[in-house]
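This report refers to the structure that appears directly beneath it.
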Amino acid sequence: MLFADIDILDENLDHRSHRWVGVKDGRIAYIGDAAPAGAEADAYGEVYDGCGKLLMPAFYNAHAHAPMTLLRGYAENLPLQAWLNDMVWPFEAKMTPEDNYWGTLLSCAEMARYGVVSFSDMYYHTDERVRAVVESGLKANICESELYFEPKPFSQYNACALCEEYVDKYHGAADGRILIDYNIHAEYTSNPQTCADIAAVTKEKGLRMHLHASETRSEHEECKQRHDGMTPIQYFESIGVLDSPTTAAHCTWCEPADFDIMVEHGVFVAANPASNMKLGSGYAPVPAMLDRGVNVCLGTDGMASNNNHDMMQDLYLLALLYKGSTNDPSVVTPKQALAAATRMGALSQGREDCGQVKEGMKADLCVLDVTGPSWAPMTNPLVNVVYAGHGSDVCLTMSDGAVVYRDGAFPTIDVERAKAEVGERTKRIIAEV
């Protein structure tokens with residue numbers, strides 16, 4: 001595809017007007033201020049009219065639980081522990097592999113609709129989740145989640161053999177769109193012996209780690225009581241978990257000493273502002289993290305604690321709420337927020353050649369219709385994306401050069417069937433719980 005005479009946010013998220021962007025073989029092959037000459041232009045195929053449009057890097061959702069679309073609207077107005085123990089875990093115990101497939105497929109459709117091309121997913125039934133992602137055309141870093149309450153070697157847990165199987169079957173599958181990570185749900189749902197074993201396996205295999213940390217104040221403080229004053233981040237470091245590239249979700253109650261550890265180990269913090277506010281968990285100290293040089297990316301979390309995969313809503317919150325909570329309007333600039341949702345999210349997934357509008361990068365792109373009233377005037381298009389844009393402004397989403405959403409159509413997904421399947425399966429599970 002050749003995007004013709006279109007405004008872009010370039011590799012530095014700076015606005016450039018009247019550009020031609022050529023996509024070929026899944027990558028951005030050309031960016032210029034004029035159309036490629038002659039036969040070269042024909043090699044890109046369809047010419048996309050860029051009038052009234054803005055081309056930018058697509059979004060990377062750094063923390064999700066995709067099958068939880070089945071729980072949308074189910075567990076409401078509860079703090080995290082009651083939410084988990086009384087509502088979520090009993091519901092999840094009734095979910096079948098096919099429930100996970102349809103929940104993931106509907107999540108993929110929703111994410112594609114809102115300009116998301118890749119997500120880091122922590123859940124169960126990996127075979128079915130991989131099948132849904134591959135069919136959708138999106139990308140995902142997928143980990144098989146299990147709760148490790150009983151102190152015993154990791155090898156004695158079912159997840160050990162499953163993870164090895166999934167790495168062999170799927171790591172790098174679908175031309176690299178599928179990557180397998182290892183996972184520790186959280187400190188409070190695990191034990192040191194098993195976690196140390198998982199850390200060793202992850203490091204040996206050269207894979208990535210995905211975990212929750214310091215999501216609530218009680219989780220944070222109870223960890224310190226259990227582990228001689230160590231916070232979850234300090235505890236995970238002490239047993240080697242952070243020796244592998246790690247995405248730590250939430251980090252709402254992390255302390256300044258944790259930031260130094262994060263910087264030393266290159267930890268990516270997946271901020272989840274909508275979910276954390278909805279569950280009353282607090283605010284991740286993102287301004288302090290950014291000041292210290294921590295890698296901050298952005299996630300939606302699951303649909304029982306956010307209710308939608310519209311990353312532009314989370315982007316808006318990330319850029320706005322800290323100005324109010326710190327009484328400092330200069331913290332978390334629009335460019336920092338958008339970088340968290342794009343390039344930093346790609347890097348958190350180990351996707352070094354993604355997340356920028358730059359020649360040679362994977363063509364993970366979204367196009368926004370900027371003709372609506374909320375976009376006028378275009379004094380600063382980057383600022384408009386963050387503060388005035390909406391997910392509904394996305395009119396095209398491209399993953400590895402393939403269109404996965406365009407003008408209301410989903411070329412790879414039967415959305416109506418996915419909606420119907422999820423609705424019926426949710427009704428069945430609620431009746432069973």
Side-chain angles (χ1 to χ4, degrees), residues 1-60 112-118 134 136-139 172 174-177 335 338-339 341-343 345-347 351-372 375-382 384-385 389 393-413:
M1 183 176 288
L2 179 63
F3 296 95
D5 195 16
I6 194 167
D7 287 6
I8 70 170
L9 295 182
D10 69 10
E11 61 188 277
N12 299 311
L13 297 177
D14 292 326
H15 178 247
R16 299 284 181 259
S17 297
H18 304 294
R19 291 298 192 268
W20 275 255
V21 178
V23 171
K24 186 166 54 176
D25 299 326
R27 293 186 180 271
I28 300 170
Y30 175 83
I31 301 176
D33 57 7
E40 183 184 351
D42 296 337
Y44 294 107
E46 178 188 353
V47 177
Y48 185 95
D49 183 1
C51 181
K53 304 294 197 299
L54 177 68
L55 177 70
M56 58 174 278
F59 299 115
Y60 298 79
R113 171 63 185 89
Y114 295 129
V116 178
V117 294
S118 188
V134 170
S136 74
L138 270 65
K139 312 178 186 189
D175 295 323
R177 289 193 288 116
K335 185 172 282 192
L338 191 55
T342 56
R343 177 62 172 166
L347 293 176
R351 300 183 187 274
E352 300 281 343
D353 57 353
C354 298
Q356 292 176 306
V357 180
K358 179 181 178 182
E359 287 186 8
M361 302 293 279
K362 291 288 185 70
D364 292 348
L365 305 168
C366 67
V367 177
L368 306 181
D369 181 340
V370 295
T371 60
W375 289 90
M378 289 285 273
T379 308
N380 186 327
L382 169 64
N384 276 10
V385 168
D393 295 319
V394 174
C395 52
L396 182 146
T397 304
M398 176 177 282
S399 172
D400 275 8
V403 173
V404 292
Y405 170 79
R406 184 171 183 176
D407 297 330
F410 299 83
T412 60
I413 302 172

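Quantities reported herein were computed from a predicted structural model and do not represent experimental measurements.
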Do Asp369 and Trp375 pair up side chain to side chain, a donor and an acceptor below 3.5 Å, judged on atom types alone?
no
Any side-chain heavy-atom pair of Val117 and Tyr60 under 4.5 Å
yes
Could you tell me whether the side chain of Leu55 reaches within less than 4.5 Å of the side chain of Val21, counting heavy atoms only?
yes
Identify each donor-acceptor pair in which a side-chain atom of residues 39-46 lies under 3.5 Å from a protein atom, sequence neighbours left out, and give them as a table.
unit_1, atom_1, unit_2, atom_2, d
Glu46, OE1, Arg406, NH1, 3.2
Glu46, OE2, Arg406, NH1, 3.1
Glu46, OE2, Arg406, NH2, 2.7

Show me the donor-acceptor pairs within less than 3.5 Å that the side chains of residues 394-401 make with the rest of the protein, sequence neighbours left out.
unit_1, atom_1, unit_2, atom_2, d
Thr397, OG1, Ala112, O, 2.6
Ser399, OG, Gly137, O, 2.9
Asp400, OD1, Lys139, NZ, 2.6

Inter-residue atom distance Tyr405.OH - Arg113.CZ, 0.5 Å rounding:
3.5 Å
List the steps, then state whether side chain to side chain contact (heavy atoms under 4.5 Å, CB included) holds for Arg177 with Leu138.
CA-CA 7 Å; Arg177 289 193 288 116; Leu138 270 65; 5.6 Å; no
Let me see the working for Met1 and Val47 under side chain to side chain contact (heavy atoms under 4.5 Å, CB included), right down to the final yes or no.
CA-CA 6 Å; Met1 183 176 288; Val47 177; over 6 Å; no
Only pairs at least two apart or in different chains count here, so list each side-chain hydrogen bond (donor to acceptor under 3.5 Å, both in side chains) that has a residue in residues 17-32.
Asp5-His18, Arg27-Asp353
Within the distance-only criterion (no hydrogens, no angle test), does the side chain of Arg16 pair as donor or acceptor with the backbone N or O of Asp33 below 3.5 angstrom?
no
Kindly say whether Gly345 contributes a backbone atom to a donor-acceptor pair with the side chain of Arg351 at under 3.5 angstrom?
no
So which atom in Ser136 and which in Val404 form the shortest heavy-atom distance, rounded to 0.1 Å?
O-CG1, 3.5 Å
Report the residues that fulfil side chain to side chain contact (heavy atoms under 4.5 Å, CB included) with Ala339, sequence neighbours left out, ordered by chain and then residue number.
Leu13
Find out whether Lys53 and Asp7 are in side-chain contact, i.e. whether some heavy atom of one side chain is under 4.5 Å from a heavy atom of the other.
no
Lys335: what forms a salt bridge (Lys or Arg N to Asp or Glu O under 4.0 Å) with it, not counting sequence neighbours?
Asp14
Closest non-hydrogen atom pair, Cys366 against Gly115:
CB-CA, 4.1 Å
Applying side chain to side chain contact (heavy atoms under 4.5 Å, CB included), run through Phe3 and Ile8 and close with a yes or a no.
CA-CA 10 Å; Phe3 296 95; Ile8 70 170; over 6 Å; no
Report the distance from atom CG of Leu365 to atom CG of Leu9, rounding to the nearest 0.5 Å.
11.5 Å
Rounding to 0.5 Å, atoms CG (Asn384) and OG1 (Thr379) come to a distance of 7.0 Å
Atom pairs and distances, donor-acceptor, side-chain atoms in residues 354-362, under 3.5 Å, two or more places apart:
unit_1, atom_1, unit_2, atom_2, d
Gln356, NE2, Glu11, O, 3.2
Glu359, OE2, Ile31, N, 2.9

Before you tell me yes or no, could you show the steps for Ile6 and Leu54 under side chain to side chain contact (heavy atoms under 4.5 Å, CB included), namely the whole-Å CA-CA distance, both residues' side-chain angles and the distance that decides it to 0.1 Å?
CA-CA 6 Å; Ile6 194 167; Leu54 177 68; over 6 Å; no
